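Report on the structure given below.
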Amino acid sequence: MAHGTQVQSLLPLTHLTYHVLLVLAGTKLHGYGIIKEVYERTGGAMDLETGTLYAAIKRLRDEGLIDVADAPAVASTGDSRRRYYRLTALGRKVLEAESGRLAQLVRLAEEKNLISGMPRESAS
Amino acid sequence: MRLFPSAFMAEYGEEMLATFSARYTHATQTGRTGVEFWTRECAALLRAAWQVRRHRTPNGFRRDLLGRKWNWGMSLLFKDVRIAFRSLRRSPTFAFVAVVTIALGIGANTTIFSVVNGVLLTPLDFRNSHELVGIWGEDVNYAQLPIATGDFVDIQERTTLIEEFSARYSVPASLTGEGEPEEVMVAWATPNHLPLLGIVPLHGRIYGEDEADAIVLSNELWTRRYGADPEVIGKRVRLGGQPHTIVGVLPGGINPNVPTRNSVRENIGAWRLMRPQWLANPDRINAWLRVVGR
């Protein structure tokens, strides 16, 4: 299927792209909201600068993975300069495919006992 | 932010200011508004501006779905070039040997092509040059020798394939008169030699069959010595110590010198009449004429 080929050709995603798409999954966020959400989800490991984020937003919009969304009914801020973004259908498919790929990698790492802290069934 | 394209600023400018304002407010609240904050923000803006202008994204996609202007093929080329440079940097001795070898090869090829191009590929700049032939004598030692006057007479009488012949002989002579004395190469040529090649004087005319003291200047000599003055026609000069009259000037942009042996083209400064009585000499031993036919 052409769409499936299209999605596969975009993989693997980079950290920045994956996290931006991930925080937009199922919700709409403005630019600062994306930065804040990514920061909190990564425990402070990814602190996106303004320029970095908006260059990524432009590219993601050009690629058709995200789009401008209407502001939610209950917006937490009255700053009219902000725009909200959401995943497109293609963006969601790409995110799902990348998540599946990463999950597969995690399973492989588990088999090699490289990931600690995950409960494993006893052999006996 | 002025580094970003104007279209980008029109689309995202206000929004970026709002986002930055929020970030700065948060950083202030957490005590992180020092040098590091500003350095990171400014560096990110510079990086992003460059990437937006280059149609690249920070850690972005490897492929464009919507037909961006970015040339995918060229990006692969640039990547390969970068990898090549890194590899060469790790092996400087090999890189030096490779560069020298390639340089020698390029130099040799360039030299060979220059010769081939000049001798074989580039046509002579004469009228219908494919109709021109050079007539040479030969002996056991040399394949291209001048023609003796006795042979020149025979060639003209017996050849049916060539309609017209001309002969030329060149020697250096001193040119005095206006300006500093200088030695120029003078061609003694039959009156039909230059017309045979299709060369029409820029000024004046070619010397006649009985004008032993008339000379025609090359365009280079006329420009250099006489300042390209059209009034030079009729001027008296001394060539080889003897008085002569300038009757013509050759046009520029065309080399009137027929290649001699080894495809050398002399730089003739002046043309004068080959004495007819010389050509009547039945001598077949002293070969000194360079003959051209059409």
Side-chain angles (χ1 to χ4, degrees), chain A residues 2-3 5-21 29-36 38-40 44 46-66 68 71 76-85 88 90-91 93-94 98, chain B residues 1-34 36-70 72:
Chain A
H3 211 193
T5 307
Q6 208 174 35
V7 169
Q8 287 302 317
S9 67
L10 291 173
L11 304 183
L13 299 181
T14 62
H15 283 81
L16 170 63
T17 306
Y18 184 75
H19 280 287
V20 171
L21 294 181
L29 291 171
H30 51 64
Y32 181 65
I34 295 173
I35 291 175
K36 189 159 171 263
V38 169
Y39 184 85
E40 288 173 359
M46 279 193 83
D47 185 13
L48 300 179
E49 298 88 3
T50 309
T52 304
L53 173 70
Y54 279 93
I57 285 177
K58 180 189 184 309
R59 180 59 60 212
L60 291 171
R61 283 187 68 194
D62 288 346
E63 299 288 349
L65 299 180
I66 67 173
V68 175
S76 61
T77 175
D79 194 332
S80 59
R81 294 177 297 179
R82 288 178 175 167
R83 278 191 303 190
Y84 286 76
Y85 296 94
T88 61
L90 176 62
K93 284 188 188 305
V94 169
E98 178 68 2
Chain B
M1 284 177 59
R2 291 180 188 272
L3 296 174
F4 287 91
S6 54
F8 181 90
M9 288 307 299
E11 178 79 27
Y12 299 104
E14 291 296 317
E15 196 178 332
M16 287 176 71
L17 285 173
T19 302
F20 178 79
S21 176
R23 269 183 62 79
Y24 183 74
T25 301
H26 181 257
T28 303
Q29 291 166 352
T30 55
R32 293 188 298 120
T33 52
E36 185 192 347
F37 173 81
W38 285 104
T39 304
R40 285 185 56 198
E41 284 293 324
C42 291
L45 282 173
L46 287 172
R47 203 164 49 237
W50 179 75
Q51 286 160 350
V52 168
R53 283 185 178 276
R54 292 283 303 273
H55 292 276
R56 290 169 63 181
T57 188
N59 304 316
F61 291 106
R62 294 183 299 168
R63 189 164 170 177
D64 179 8
L65 298 174
L66 301 179
R68 283 180 295 174
K69 296 177 189 172
W70 185 30
W72 176 242

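Letters A, B, ... are given to chains in the order of the sequence lines, protein chains preceding strands, and every chain is numbered from 1. Computed from a predicted structure; not experimentally measured.
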Write down the atom of [X], the atom of [Y], and the distance for their closest heavy-atom approach.
X	Y	result
B/M16	A/T50	O-CG2, 3.6 Å
A/G51	B/A48	O-CB, 3.1 Å
B/A22	A/R82	CB-NH2, 3.1 Å
A/E49	B/R47	OE1-NH2, 4.2 Å

Measure distances from A/I34 to the heavy atoms of chain B and classify the residue's part below 4.5 Å as side chain, backbone, both or neither.
neither

Is a side-chain donor-acceptor pair under 3.5 Å present for B/S21 with A/Y32?
no

Residue set satisfying ring pair (Phe, Tyr, Trp, His ring centres under 6.0 Å) with B/F8, at least two apart, ordered chain then number -> B/F4, B/Y12

To the nearest 0.5 Å, atom OG1 of B/T19 lies from atom NZ of A/K36 at 13.0 Å

How long is the span from the OG1 atom in A/T52 to the CD atom in B/Q51, to the nearest 0.5 Å?
7.5 Å

Donor-acceptor pair, B/R40 side chain versus A/L48 backbone, under 3.5 Å?
no

Do NZ/NE/NH1/NH2 and the carboxylate oxygens of B/E11 and A/R61 come within less than 4.0 Å?
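Yes.
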
